[in-house]
Structures are given as C-alpha cells and as structure tokens.
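The next block holds one structure in the form of structure tokens; read it before the comments.
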Amino acid sequence: MNASTAPVVSSVFIAFQDNEESRPVVDAILADNAQASATYPPGLVKINAPGRLVIRRETIEEQTGQRFNLQQLHVNLVTLSGYIDEDDDEFSLSWER
C-alpha cells in the first residue's frame, strides 16, 4: 500500500454574526479568496479556506463604497482559527508563522 506524499494543508476559518454589517465583509473575503467557502450555521457566517485566508480593506471599501477600518471586523467577529497577521490594509489567517 502506497502512502500519499502530498502535503496536508490545514484549513483556517473565520466566523461572523450573520447580519447586514457582515455581508459586505463576507462578500469581500469570498472575492479575494478563490478557494474559500461559506457556510451558514444559525446566526453565523463561517468562512473556511485551505492554508490561508486574507481580508483586504480595499476590497471591503469597494463592496461598501465607504472607508473601512479593519478593526471594525472585531465588532461582528465570533471566532477564528489560525495565526493572525494584521496591519491597516490586511487581516490574514494561516498556520504558518
């Protein structure tokens, strides 16, 4: 029996309250992360991605037509998994340091 030598890629995720404020953020995340997928457990929007997930301020601003401070993510953030790397323009999750 041959064991696969393909590396295992761990998924990261982020979940937000399912509300009007979160919808453009979710749309922006899905637009910027082609391999990401969203699920909708009751009251939440959970976005999973293999390896890395990036949230870009610029894309959220395009979705809303307004300036956006990435710190605003925390208002509707419920949970996440992965190491966080954050600056004024991007918030990313991955398992790489």
Value rounded to 0.5 Å, distance of CD in E62 from OG1 in T64 = 9.5 Å

Evaluate whether atom CD of E58 has more than 12 neighbouring non-hydrogen atoms of other residues, nucleotides or ligands under 6.0 angstrom away.
-> no

For the student: nearest non-hydrogen atoms of S10 and W95, plus distance = CB-CD1, 3.5 Å

If you draw a 6.0 Å radius around CG in N69, do more than 12 non-hydrogen atoms from other residues or ligands fall strictly inside?
-> yes

Closest heavy-atom pair, L73 versus I60, reported as atoms and distance to 0.1 Å, is CD2-CD1, 4.4 Å

Do L93 and F13 touch side chain to side chain, with heavy atoms closer than 4.5 Å?
-> no

Identify whether V78 and V75 are in the same connected component of the hydrophobic contact network (ILVMFWY, side-chain heavy atoms under 4.5 Å).
-> no

Applying the 4.5 Å side-chain criterion to the ILVMFWY set and letting contacts propagate, would V9 and Y83 be lumped into a single cluster?
-> no

Without placing hydrogens or testing angles, list every side-chain donor-acceptor pair under 3.5 Å for residues 37-53, not counting sequence neighbours.
none

More than 12 foreign heavy atoms under 6.0 Å from CD of Q35: is that the case here?
-> no

Sub-3.5 Å donor-acceptor pair from the side chain of S22 to the main-chain atoms of Q17, do we have one?
-> yes

Transitive ILVMFWY side-chain link V12 to V54, under 4.5 Å = no

Looking only at heavy atoms, which two atoms of L80 and L77 are closest? And how far apart?
-> CD2-CD2, 3.8 Å

Can you find a pair of side-chain heavy atoms, one from V26 and one from R23, that are under 4.5 Å apart?
-> no

Roughly how far, to the nearest 0.5 Å, is CG of N33 from OG1 of T59?
-> 9.0 Å

Write down the atom of Q71, the atom of E86, and the distance for their closest heavy-atom approach.
-> NE2-OE2, 3.0 Å

Residues two or more places apart in sequence or in another chain: which of them pass salt bridge (Lys or Arg N to Asp or Glu O under 4.0 Å) with D32?
-> R56

